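Here's the structure, in structure tokens; my notes come after.
All figures in this text were calculated on a predicted structure; none of them were measured in a lab. All values below were derived from every heavy atom in this structure, side-chain atoms included, with hydrogens, water molecules and symmetry-related copies excluded.
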Amino acid sequence: MTATPESSQRTDAKPTIVLVHGAFADASSWNGVIERLQQQGWTVVAPANPLRGVAADSAYLASVVNQLDGPVLLAGHSYGGAVITNAATDAPNVVGLVYVAAFAPDEGEVLGDVAASSKDSVLMTAQVQRGYPTGRGGETAPEFLVDPARFREVFAADLPAEQAAVLAATQRPVAAAAFSDVSGPPAWKTLPSWAVVATADKAAGSDIVRSMAQRAGADIVEVEASHVVMVSQPQAVTELILKALHAVS
């Protein structure tokens, strides 16, 4: 069979790895993984996730990916998993998905409902509500932070207290739409996927992450770590991303 341009792209070009951070974080949370991938010669992009809602953030990420040449492997942490799940349906150059302590929602699911069903997560009890201007006159909308006093407990229990305090101080708030937007058709139904389950995840919840990864048919590795497994265990996360890269390259 004659190869199409797309199939040639997938077999001949090395994928670019796009790392998508989650709520209450920024792209620097991927630094340890980025360093390791770059040392092995891979091209990595870690865009700023706007954190304004699943629909808006997925559209933004799809735009970023569609402007990259060649195949792309998407990796998402936490809420970033919902973003890659939706964005990849509008980005035909995506060849695989990696979920890192991440949500992998199905069509019609709402993250607020999913998170509330976790027996392992304590995130919903640790959030502090703020407001932000929407840009429409004086209108405001709710957004959420993690209470800095509980940030280490919820997010980063396996990091030194000093490091967790820095992450708490630099956290980025997430709009309420992240928890209320309805997820669309999931890319994991048509793309291969891999997943890291952090066994001490009290934010997304180890139980929810595991069950979603199993439902997606992901190749799963379990790591003894907190929610920020890519910070505390960057080598383990890098190894799974490399496994995915070799499978799609």
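Side chain of S29 to backbone of D26: a donor-acceptor contact under 3.5 angstrom is found. Judged purely by atom type and a 3.5 angstrom limit, Q171 uses its side chain to pair as donor or acceptor with the backbone of A168. At distances below 3.5 Å, not a single donor-acceptor pair connects side-chain atoms of D147 with backbone N or O atoms of V128. In this structure, R130 contributes its side chain and P142 its backbone to no donor-acceptor pair below 3.5 Å. One N or O on the side chain of D158 and one on the backbone of S226 form a donor-acceptor pair closer than 3.5 Å. Remark: side-chain polar atoms of D181 are paired, donor with acceptor, to backbone N or O of A55 under 3.5 angstrom. A donor-acceptor pair is defined here as one N or O able to donate and one able to accept, closer than 3.5 Å; no such pair exists between the side chain of R172 and the backbone of G22. Side-chain atoms of W30 do not come within 3.5 Å of backbone N or O of V45 as any donor-acceptor pair. Judged by distance alone, the side chain of H227 and the main-chain N or O of A102 form no donor-acceptor pair under 3.5 Å. Between the side chain of S78 and the backbone N or O of G80, no donor-acceptor pair lies under 3.5 Å.
The line from NZ of K189 to OG1 of T89 is 12.0 Å long, rounded to the nearest 0.5 Å. Between the CG atom of L19 and the CD1 atom of I34 there is a distance of 5.5 Å, given to the nearest 0.5 Å. Summarising the geometry, atom CD belonging to E239 is positioned 4.5 Å from atom CD belonging to Q235; distances are rounded to the nearest 0.5 Å. To the nearest 0.5 Å, atom CH2 of residue W188 and atom CG of residue L97 are 10.5 Å apart. Note that NZ of K14 and CG of L245 are 8.5 Å apart. Values are rounded to the nearest 0.5 Å. Here the OH-CG distance, from Y99 to L74, works out to 9.0 Å after rounding to the nearest 0.5 Å.
Cation-pi check for R52 over Y132 is met; the charged atom lies under 6.0 angstrom from the ring centroid and within 45 degrees of its normal.
Looking at every heavy atom in both residues, S118 comes nearest to G205 through OG-CA, 3.6 Å. Closest approach of D120 to S206, counting heavy atoms only: OD2-CB, 3.6 Å. Closest of all the heavy-atom pairs between M230 and V100 is CB-CG1, 4.4 Å. Between I220 and A213, the shortest heavy-atom contact is CD1-CB, 3.7 Å. When every heavy atom of I84 is checked against every heavy atom of A75, the shortest pair comes out as CD1-C, 4.1 Å. In terms of heavy atoms, A82 sits closest to L111 at CB-CD1, 3.7 Å.
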>> Would Q38 and V44 count as a side-chain contact (heavy atoms from CB on, under 4.5 Å) here? Give the steps.
In response: CA-CA 7 Å; Q38 288 180 337; V44 185; 4.3 Å; yes
>> Set out, in order, the CA-CA distance, both residues' side-chain angles and the distance that settles side-chain contact (heavy atoms from CB on, under 4.5 Å) for W194 and I241, then state yes or no.
In response: CA-CA 8 Å; W194 292 260; I241 291 174; over 6 Å; no
>> Assess the residue pair W42 and L242 against the criterion (side-chain contact (heavy atoms from CB on, under 4.5 Å)); give the C-alpha distance rounded to whole Å, side-chain angles, the decisive distance to 0.1 Å, and a yes or no.
In response: CA-CA 10 Å; W42 294 95; L242 289 170; 3.5 Å; yes
>> Let's go through Q163 and V231 carefully: what are the C-alpha distance in whole Å and the side-chain angles of both, what is the deciding distance for side-chain contact (heavy atoms from CB on, under 4.5 Å) to 0.1 Å, and is it a yes or a no?
In response: CA-CA 10 Å; Q163 187 177 6; V231 179; 3.5 Å; yes
> Given the rule in the side chain to side chain donor-acceptor pair (under 3.5 Å) test, do R150 and T125 qualify, once you have shown the distances and angles that lead to the verdict?
Replying inline: CA-CA 10 Å; R150 296 190 62 189; T125 67; 3.2 Å; yes
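Cluster annotation: F155 and L145 are assigned to distinct hydrophobic clusters (Ile/Leu/Val/Met/Phe/Trp/Tyr, side-chain heavy-atom contacts under 4.5 Å, transitive). Neither V209 nor V229 shares a network with the other; the hydrophobic side chains, linked directly or stepwise wherever heavy atoms of I, L, V, M, F, W or Y lie under 4.5 Å apart, form separate groups for each. Cluster annotation: F103 is not connected to V110 through the hydrophobic network of ILVMFWY side chains, with a link wherever side-chain heavy atoms come within less than 4.5 Å. Note on V122 and F151: same hydrophobic cluster, where clusters join Ile, Leu, Val, Met, Phe, Trp and Tyr whose side-chain heavy atoms are under 4.5 Å apart, directly or indirectly. There is no path of hydrophobic side-chain contacts, each under 4.5 Å, that joins V197 to V221.
For the residue pair H21 / N49, no side-chain donor-acceptor distance below 3.5 Å is found, with atom types taken as modelled. Donor-acceptor pairing under 3.5 Å is lacking for the side chains of E35 and Q39.
Taking the side chain as every heavy atom from C-beta outward, T238 and L37 approach each other to under 4.5 Å. Proximity of V95 to P71: side-chain heavy atoms (C-beta onward) are separated by under 4.5 Å at one or more points. Between T199 and V223 there is no side-chain heavy-atom pair separated by less than 4.5 Å. Under the 4.5 Å side-chain criterion, counting only non-hydrogen atoms from C-beta, N66 is in contact with N93. Side-chain contact check for V20 versus Y79: every heavy-atom pair is 4.5 Å or farther apart. Residues S121 and I208 fail the side-chain proximity criterion, which asks for heavy atoms closer than 4.5 Å. Within the 4.5 Å cutoff, the side chain of V83 has no heavy atoms near those of the Y60 side chain.
Using a 30° and 60° split on the angle between ring planes, F144 and F179 fall in the perpendicular class, above 60°.
Using a 4.0 Å cut-off between charged nitrogen and carboxylate oxygen, E222 and R210 count as a salt-bridge pair.
Among V248, V65, V18, T190, the single residue meeting the side chain to side chain contact (heavy atoms under 4.5 Å, CB included) criterion with V94 is V65. Between P186 and the choices D106, L191, N86, the side chain to side chain contact (heavy atoms under 4.5 Å, CB included) rule is met once, by D106.
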